[in-house]
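Data block below; observations after.
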Amino acid sequence: MRKDGFYMPARVLCGDDAVRKYAGEMKKFGSRALIVTGKHSADACGVYADICAALDEIGTQYCRFSDVEPNPSVQTIMKARDYALEQGVDFVIGAGGGSPMDAAKAIALMIRHADKDADYLYTAGADGSAVPVVCIPTTCGTGSEVTAVSVLSSDKLKTKKSIPFKLFPQLSLIDGKYLMHAGRKTLNNTGFDALAHLYESYINSSATPMSRMIAEDGMRVWKNNLPVLLGEKELDAESAESLMKAAMLGGIAIAHTGTSLPHGLSYALTYNLGVPHGQAVCFFMTGYLEAADPEDCARALELSGFESVEQFGRIYKECCQLPDVPGEVLRKTLDACTADLAADPAKCKKAPFTVNEELLRKIAYRSLTV
Ligand SMILES: [Fe+2]
């Protein structure tokens, strides 16, 4: 029998008004919470007000750290950790897209290791215990609410990189209404990130029958929402819930397999040119799909609503656009993306085919010729 299994220890509760409805679930985490958000969207979409109301209801005190930038930096984590220690918090709530949720996990780790400095975040093999984390997604891409991953930007490493700890949230509360406030760019970039998780988990050397089953289901759910991402259909409550479900399934799938080459290639593109994560990842997807086993590629495309790799590439460009920088700057960065990934054999091994620098370069440049 092939290796198989399932492990996803986050308790996930979904539905209308989930944050208010399941407030009582947070009581056991302590008497004071740190709410971690970005600067604006948590207020605009109403999640911050819902969290405050939920915590008031159960008599839990709270404070807020709202300085999480996109692709959060190590410095931001340390600033939030110091604030959390001053405030004496017992647990952390990350609300927003991937950045606040990933930040919440890293902050929770550093609260538990109060005597450690920023270097601890990238110390492989160190104690990964953390104070409890609650995740509340407001976009439809990251899946951070069901993964153990926290990706940070490090000036020391000069790139984005996952920290080497498994940090599953204890609880995730999912309500599609928060997505209704996302702008088109956010919707498309995060929607394509979710698709990348599904593809990269499906076409992955660590894939198991169960992870593939989850990825396949996620692709079917995602496909139904392609008209929304193309702007052919209005985003309504049903599609919002469904897009968030696709993102969650993508998260569960990569929680089992990890991501693969497109994510590995994307980090330098985001770090150097500020290209949003989903846009950066799917820039490398046409090349990855073409390099995969043709049967796997055809199945993934069919399940997610595409007739061919070229059609996927064209629709990606329509929904997310190519990075808007001079050709020479882009080529230089693509070379950096290739070199970064070539130096990461563990990530290269996630591809279920032989990888060399020439293939990585081909994948890196493929979107330019679709
Ligand atoms: Fe991603």
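Start at 1 and go down the list; that is how both ligands and their atoms are numbered.
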Problem - Validation row, ring centre Phe353 to ring centre Tyr288 under 6.0 Å - result: yes

Problem - Geometry at the Fe ion (ligand 1) - His197 NE2 versus His263 NE2 angle, rounded to 10 degrees - result: 90°

Exercise for the section: Indicate whether any N or O donor in one side chain lies under 3.5 Å from an N or O acceptor in the other, for Thr190 and Asp193. Expected result: no

Practice task
For the pair Arg112 and Asp127, find out whether any cationic side-chain nitrogen is under 4.0 Å from an anionic carboxylate oxygen.
Solution key: no

Exercise for the section: Salt-bridge test for Lys177 and Asp17: reply yes if a basic N is under 4.0 Å from a carboxylate O, no otherwise. Expected result: yes

Completion exercise
Of all N, O or S atoms in His277, the one closest to the Fe ion (ligand 1) is NE2

Practice task
Check Asp193 and report its N/O/S atom nearest to the Fe ion (ligand 1), by atom name.
Solution key: OD1

